[in-house]
Structures are given as structure tokens and as C-alpha cells.
Amino acid sequence: MAFDNIKLEKGLYSTSKGFTASLEELDPSENYIGTDYEGLDAYQRQLKRFDIKVSGAGSDTISKFFKTTDSAALFPEYISRAVQQGLEEEDILPKIIATTTNIDALDYRAIESVPTEEDKELQLVGEGEPIPETNIKTKEKLTKLKKRGRMLVASYEAIKFQKLDLFTVTLKQIGAYIARTQFKDAIDVLVESIGSISGTGSAVNYADLVKLWDALSPYNTTTLIATPSALADMLSITEFKDSYAGQTFHGTGKMITPFGAEVLKMSGEEGKGVVALDKNAALEKVQAGGILTEYDKLIDRQLERCAITTITGFSTIFSDAAKILEY
């Protein structure tokens, strides 16, 4: 097969497209339609080429990657994919993000629109009359990007006989850490940019949540994000304790709200506060590439120390598409 003759080298990682995309150009997946390799991408075909099993009871040891110079070039991509898998399994950002923008620079200026109450309604336009305008402009400040990650430290001699499926568990946890931190970064940006309303008492109550829901109009309340203390108050609200809601919460851990909104927890946050938002209009995620792995060190030094990082930032799109209830 064609993929058996591809020379694997570090240069495939240094392109802006990334390793797999560069490999796909040399070995397009479309050439394998109707064969036993259909459904595999170029990287997965290389795993087949070197008979490397990364998961399951029969998974190989880490040393299998370093049997040849070519197979060693696959190791950084294995690490990136394992971390990405952990990030995706833990990631709840899609529940609050309207869009994701990929950039190839460290400077990014988002756009914004600040509509008035009149702008939110399409007015009747008479013959010959001007059509109302919606103004969109770039923001004055650049979107702040943050580099998050972990340093993976291990000697090759210490881990070379470890099974890859066990090592994947460790890498997935790094991805989970990144996902949780990015969610907190997104909430911090959101809270800094949105308006607030005050609660009527010392605890979250149903009337305040209705007030919060109404304040978000004409946007839809798709998501509620609560601190642990506020979430405990919400679980005690009578309207949240009907039989169906109780069965759903005990069976799945998911709360049913009168507004049909999904409830998320702001872990690690103190005090009481609830953010309501329309996930289709509130936030933009900006990222410079995906999971970045120091491929040179992984290939040449067989691990030792390797940084696994992501570069992301967040920007509000419509600041009035989210409101916070404060106490």
C-alpha cells in the first residue's frame, strides 16, 4: 500500500497545517474508499503500518513507537490525540460558546455589535424610507489569549514497558485539566463584560430566576451557570422539586429547570451567583491551533520533559446576551 513507503520526519509537524493534515496530503484518505482502510485517517494508517495498538487489552508498550526512526515520529501525535480526547470528554464549553475561531497568530481583534432596544425589533419600513442599520465594528481591545498546559516529565527507561492504554489515561487527565481551566477563563471574560441584576434575598429563589430569565429577553435562556452555593439553593426551590425533575436529577445528575435551560456548575467559585446566557449569541472562543506538543523532544530524547499546551482566548459577541444574578 502507498502508506508503507512514506518517509516520516519531524518536518511534518512544523507546518501550519499540523501533522495529520500534512500526512493526508501525502496519503489522501479518499484513495482508500472501498478498502479495509476506509474510515481511517493518514495517522491511523501509519499505526497499522507499524502494527502499533494504542488501546484495548492488547495494547502495545510505549517502546513500540521507538522501534524505528519513522515510527518514533508518530509518538507526538499519539500524545496530542490522547490529550485532545481527554479535553473533549470533559469539555462543556460547547454549551456556552456560539462559535470557535481558529487563528495562526497571537493577536486577534474580535467584532461586536451593541444593539439598542429599537435595534432588536425589525421596524416597519415605509416606501422611500431608510432601512434601520445594525452597526458592526471591531473591538478596541485585542482578545487576550492565554497559554495553558502541563509539563510531562518522565524518563524513557521508567515508562518504556508501560502499556499505551494506561499511559493514555494519564494524558487524558491533562486534557481534562485544560478543559476545566478554559471553562473558568470563559466565565471570567463573560462576567467582566455583562450586566447584572440583584437578588431579593440572601438565597437564590424562583422569583429571582424568573426575573433573570425576563432580563435576558429577547435572547433565549439556553444555559444557567451557578456557583456551588447557588446551585444548592436552586435544588431546594419548590418548583425544581416536582416528581419528574427529581427523578431526572437522581437518575442522570442533570437538573430540570422551568425555563428549559441547562444548568452548569462553576466549580471552585465562592459566594452566590447565577449567570444566564444564550449560548448562540454570547461568547466566541479563539484558539491558536489545537493541542501543541513539543515534538522535537519527544522524538529525539524519547520523552524526558515535554510541554503540552493550548493557546485560547474568549470574547463576548453580544454582551446583553448574558446576565448575572448577584447576591
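By convention here, the first residue in the shown sequence is residue 1. All figures in this text were calculated on a predicted structure; none of them were measured in a lab. Below, each value reflects all heavy atoms present in this structure, side chains not excepted, and no hydrogens, waters or symmetry copies.
For the pair K272/L325, no side-chain contact is recorded, criterion being any heavy-atom separation below 4.5 Å from C-beta on. Residues L23 and E77 fail the side-chain proximity criterion, which asks for heavy atoms closer than 4.5 Å. Contact annotation: the side chain of V274 approaches that of L209 to within less than 4.5 Å [non-hydrogen atoms, C-beta and beyond]. Within the 4.5 Å cutoff, the side chain of Y327 has no heavy atoms near those of the T227 side chain. With contacts defined as side-chain heavy-atom distances shorter than 4.5 Å, the pair L93/T100 does not qualify. V54 has its side chain out of reach of R81: every pair of non-hydrogen atoms, C-beta onward, lies at least 4.5 Å apart. Under the 4.5 Å side-chain criterion, counting only non-hydrogen atoms from C-beta, E24 is in contact with D41. I187 is listed as a side-chain neighbour of I96, based on a closest heavy-atom distance under 4.5 Å.
Residue A42 comes nearest to S29 through the heavy atom pair N-OG, 4.1 Å, listed as atom of the first residue, atom of the second, then distance. A pairwise comparison of heavy atoms in T221 and A276 identifies CG2-CB, 4.1 Å as the closest pair. Between S193 and V189, the shortest heavy-atom distance links the atoms OG-O, 3.0 Å. Looking at every heavy atom in both residues, G313 comes nearest to T143 through C-CG2, 4.2 Å. Residues A282 and A98 share a closest heavy-atom pair of N-CB, 4.5 Å. Considering every non-hydrogen atom in both T61 and K160, the closest pair reads CB-O, 3.4 Å.
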Side-chain donor-acceptor distances from residues 169-179 under 3.5 Å, at least two apart:
{"unit_1": "K172", "atom_1": "NZ", "unit_2": "E89", "atom_2": "OE1", "d": "3.4"}
{"unit_1": "K172", "atom_1": "NZ", "unit_2": "E89", "atom_2": "OE2", "d": "3.3"}

In a table with atom names and distances, give each donor-acceptor pair under 3.5 Å that connects a side chain of residues 194-205 to protein atoms at least two apart or in another chain.
{"unit_1": "T200", "atom_1": "OG1", "unit_2": "N205", "atom_2": "ND2", "d": "3.2"}
{"unit_1": "T200", "atom_1": "OG1", "unit_2": "D208", "atom_2": "OD1", "d": "3.1"}
{"unit_1": "T200", "atom_1": "OG1", "unit_2": "D208", "atom_2": "OD2", "d": "3.3"}
{"unit_1": "N205", "atom_1": "OD1", "unit_2": "A207", "atom_2": "N", "d": "3.1"}
{"unit_1": "N205", "atom_1": "OD1", "unit_2": "D208", "atom_2": "N", "d": "2.8"}
{"unit_1": "N205", "atom_1": "ND2", "unit_2": "D208", "atom_2": "OD2", "d": "3.1"}

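Within the model, atoms CD1 of I6 and CD of Q46 stand 5.0 Å from one another, a figure rounded to the nearest 0.5 Å. The OG1 atom of T309 sits 13.5 Å away from atom CZ of R150, with the distance rounded to the nearest 0.5 Å. Taken from NZ in K211 to CH2 in W213, the straight-line distance is 15.0 Å, to the nearest 0.5 Å. I92 CD1 to I225 CD1: the interatomic distance, rounded to the nearest 0.5 Å, is 7.5 Å. With values rounded to the nearest 0.5 angstrom, L224 atom CG is found 8.5 Å from L264 atom CG. Note that CG of L231 and OG of S267 are 9.5 Å apart. Values are rounded to the nearest 0.5 Å.
The side-chain contact (heavy atoms from CB on, under 4.5 Å) check on L40 picks up Y37, Q44, R45, K48, with sequence neighbours excluded. In this view, F65 and F75, Y78 satisfy the ring-ring contact (aromatic ring centres under 6.0 Å, His included) rule, not counting sequence neighbours. Scanning for ring-ring contact (aromatic ring centres under 6.0 Å, His included) contacts around Y13 gives F19, Y295, with sequence neighbours left out.
Around the NZ atom of K139, the shell of radius 6.0 Å holds more than 12 heavy atoms that belong to other residues, nucleotides or ligands. Counted within 6.0 Å of CG on N102, heavy atoms from surrounding residues, nucleotides or ligands total more than 12; the atom is thus considered enclosed.
Using a distance-only test at 3.5 Å, with no hydrogens or angles considered, a donor-acceptor pair links the side chain of R49 to the main chain of D4. S59 places no side-chain N or O within 3.5 Å of a backbone atom of K163 that could act as its donor or acceptor partner. With hydrogens and angles ignored, the 3.5 Å screen pairs a side-chain donor or acceptor of S14 with a backbone N or O of G11. With D60 contributing its side chain and K53 its backbone, the two residues share a donor-acceptor pair below 3.5 Å. Side chain of K95 to main chain of T222: no donor-acceptor pair is present (N/O by atom type, distance under 3.5 Å, no hydrogens or angles). Formation of a donor-acceptor pair under 3.5 Å by the D70 side chain with backbone atoms of K7 is not found in this model.
K17 has a carboxylate O that lies under 4.0 Å from a charged side-chain N of E25, or vice versa, which qualifies the two as a salt bridge.
Grouping the Ile, Leu, Val, Met, Phe, Trp and Tyr side chains by contacts below 4.5 angstrom, directly or via other members, places L283 apart from V263. No single ILVMFWY cluster, assembled from side-chain heavy atoms under 4.5 Å apart, contains both F183 and I311. No path of Ile, Leu, Val, Met, Phe, Trp and Tyr side chains, each step under 4.5 Å between heavy atoms, connects I97 with I103, placing them in separate hydrophobic clusters. When hydrophobic clusters are built by joining Ile, Leu, Val, Met, Phe, Trp and Tyr residues whose side-chain heavy atoms come closer than 4.5 Å, directly or via intermediates, I79 is grouped together with I291. Under a hydrophobic-cluster definition in which Ile, Leu, Val, Met, Phe, Trp and Tyr are linked whenever side-chain heavy atoms come within less than 4.5 Å, directly or via other members, L190 and V286 are assigned to different clusters.
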Determine, step by step, whether K285 and T312 satisfy the side-chain contact (heavy atoms from CB on, under 4.5 Å) criterion, reporting the C-alpha distance in whole Å, the side-chain angles of both residues, the deciding distance to 0.1 Å, and the verdict.
CA-CA 7 Å; K285 177 184 177 181; T312 58; 4.0 Å; yes
What do the steps show when you test L164 against I52 for side-chain contact (heavy atoms from CB on, under 4.5 Å), and what is the final call?
CA-CA 10 Å; L164 285 166; I52 300 174; 4.0 Å; yes
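E284 and T101 are linked by a side-chain donor-acceptor pair at a separation below 3.5 angstrom, with hydrogens and angles left out of the test. Counted by atom type alone, S80 and T293 present one or more donor-acceptor pairs between their side chains at under 3.5 Å.
Within the structure, salt bridge (Lys or Arg N to Asp or Glu O under 4.0 Å) contacts touching residues 185-199 (residues at least two apart or in different chains) are K146-D185, R148-D185, K184-D188.
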